[in-house]
Amino acid sequence: MCGIIAYIGSKSVESVILVCLTRLEYRGYDSAGIAVLNNGELQVRKAVGKIKELEMHLQAHPVTGNIGIGHTRWATHGEANQINAHPHTDSQKNLAVAHNGIIENYYELRHEMLGKGYVFHSETDTEVIPYLIEDKMKEGASIEDALHHSISRLKGRYAFVLISDRQDKKLFFACDGSPLIYAKGENDVFLSSDIPAVVPLAKENYYIRSGEWGWIKDDGELVLFDKKKSPKTYETHQIKIEAKDTEKNNFPHFMLKEIFEQPKIIRSIIEKRICLDEAKVLFPEKESDNSYLGRLSRIVLISAGTSWHAALVGKHYLENIAKITTEVDISSEFRYRNPIVSGDTKVLAISQSGETADTLASIYEAKAKFLRVIAFVNNTYSTIAREANAYVDLLAGPEIGVASTKAYTAQVLHLILYASFLSEIRWVSKKEERKKLYSEIKKLPEQIEEILSQADIIKQWACDFKQSKDFVFLGRGLNHATALEGALKLKELSYIHASGYAGGEFKHGPIALITDQVPVVCIATKCETYEKMLSNIEEVKARKGKIITISSKGDEKTAKLADYNFSIPECIPLLSPILNVIPLQLLSYYVSVERGCQPDQPRNLAKSVTVE
Ligand code: F6R
């Protein structure tokens, strides 16, 4: 949520920052801005809308220099207009700040500053930061001391970057709870909200920790302090992401590229995690204490959005395979409901980005109750990976499309593997059973390839549904979550109202929605509730709803009942959520494109939701 970038280097700061902001655009795209220092003069430019608008504004009002900061916004405080766009300056326009996160005590600070005669121009929480610094500097403090003092006044989660015409060879920053990365290459140094924004120029990086602040000198050296102003040391790591991982590679959108990457990703997870001969799953990152895992009596899964849907599937896996009582909680609910827990409860947090504020807050809540937390994350350098007691890498590679696709299937696969891993430790599965499961899992990449080879079928359907106003998704058991996920994907990408229901619940109210104008997606692949799903289909048919079925290959009965049918290669029911979701991802993508929406950047959304 909001992307920030800062740059010192030999290249034109304007063009480098624009490229980086375009790559950070998935974090927010309401407005954008840039501030540059040129021979001690601060220049600020802002525009409402996407980075393209800022680029056009800069063509008319260019800036030059080789030290600067940039911001792409997802509005929290104040609407998306030019005044609220970052960077924000002090009253004398000597310094500029780009900020990600929320200053929770901004209201009190704003009143304090108003009392001192400062005039606020924006509605943002951010504007208190430059004023706090300015105020301290007026008392005679250096900018470094003023920065240190100001961050001691801030409450909330934030990362911000700052430049000042008083110190035109330094990039200042502070970080508490929101991501900020120091990254450097041969002649280029960055502070960035994420790594893909700065490859290939940056070669090594250091993830700035919560509570750290400091500055970068123009020779690239990072000067780092903790909150008490004690100097800190740091170690950089080589950046492993390649430029091709962050490009569309001939696909029209990142989302489509990421949907089509799924066979490759699932294959590499299988290669990395499964040892078929020994019927073992390998989690080299796991906690070493297997006896503790054997004694667990309960697992609580916490996550948000699509990751919550993965958790709903995970509950089935953990209960059926690992035979362990499992609860699923939405992160933002777990945090506030004061859950009753005991020492043999383990919390498993699932997050693609590893930065979701709600999930992070529930991890803190769990740790405050002395629970052990394991995080399944797609970014192992993320705050959630660091704050959990252990983490598992989802191995999906950078996901840039705002709607999660490949990370979801990677989450579901990791959950079944983890359940199987626990089943061995807990002596509740036999080697032969695990071997059988792993050989079925090994078929997944080819099965997904088969589904993707028929993507055109769904593309054609999209023309028929582009005018629909409502959609219903029905699924049972493991595929109730698939129905919820199909509905979420469609509504977030194409703005068509869509709801997912458990098939059995449908007759208890939602069936009233059905008319001949409402398409109903029925997930009816072969499993123990298959016959019951057929009854759902008949009920919809009797009320003239348009029936779209996701059925098992060779199931003529279901295909005949449907107005539109898509066949899924036969698989064991446990694995069906991984295959069944793929046509639903494609449906939401193609309907979104047909309606002229922007699937990579749906309105009002952002990829990393770093505010609660
Ligand atoms: C929907 C989507 C979101 C995220 C949610 C949690 O397509 O991507 O619902 O799943 O914001 O994000 P993570 O997994 O990063 O914690």
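Scope of the values below: all heavy atoms of this structure, side chains included, with no hydrogens, waters or symmetry mates. Counting convention: from 1, in listed order, for ligands and their atoms alike.
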Would you mind listing which atoms of ligand 1 come within a distance below 4.0 Å of any non-hydrogen atom of A304? 5 (C), 6 (C), 10 (O)

On a heavy-atom basis, which atom in K315 and which in V328 lie closest, and how many Å separate them? CB-CG2, 3.6 Å

For T356, the ligand 1 atoms with a heavy-atom partner under 4.0 Å come out as 6 (C), 12 (O), 13 (P), 15 (O), 16 (O)

With a 4.0 Å cut-off on heavy atoms, does I384 reach ligand 1? no

Atoms of ligand 1 less than 4.0 Å from S351 heavy atoms? 13 (P), 14 (O), 15 (O), 16 (O)

Check: A197 main-chain N/O paired with D194 side-chain donor or acceptor under 3.5 Å: yes

Would you say the rings of Y182 and Y207 are close, in the sense that their centroids are separated by under 6.0 Å? no

Non-hydrogen side-chain atoms of V412 and Y317 separated by less than 4.5 Å: yes

Under 4.0 Å from any heavy atom of A403, which atoms of ligand 1 are there? 7 (O)

Where ligand 1 meets S404 - atom numbers and elements under 4.0 angstrom, heavy-atom basis: 7 (O), 8 (O)

Residues two or more places apart in sequence or in another chain: which of them pass ring-ring contact (aromatic ring centres under 6.0 Å, His included) with H253? Y589

Salt bridge check: are R337 and D329 linked by an N-O gap of less than 4.0 Å? yes

V402, portion touching ligand 1 at heavy-atom distance under 4.0 Å: backbone

Within 4.0 Å of some non-hydrogen atom of K489, the atoms of ligand 1 are 1 (C), 7 (O)

Numbering the atoms of ligand 1 from 1, which are under 4.0 Å from a heavy atom of E492? 1 (C), 7 (O)

Between E492 and K489 the two heavy atoms that sit nearest each other are OE2-CE, 3.2 Å

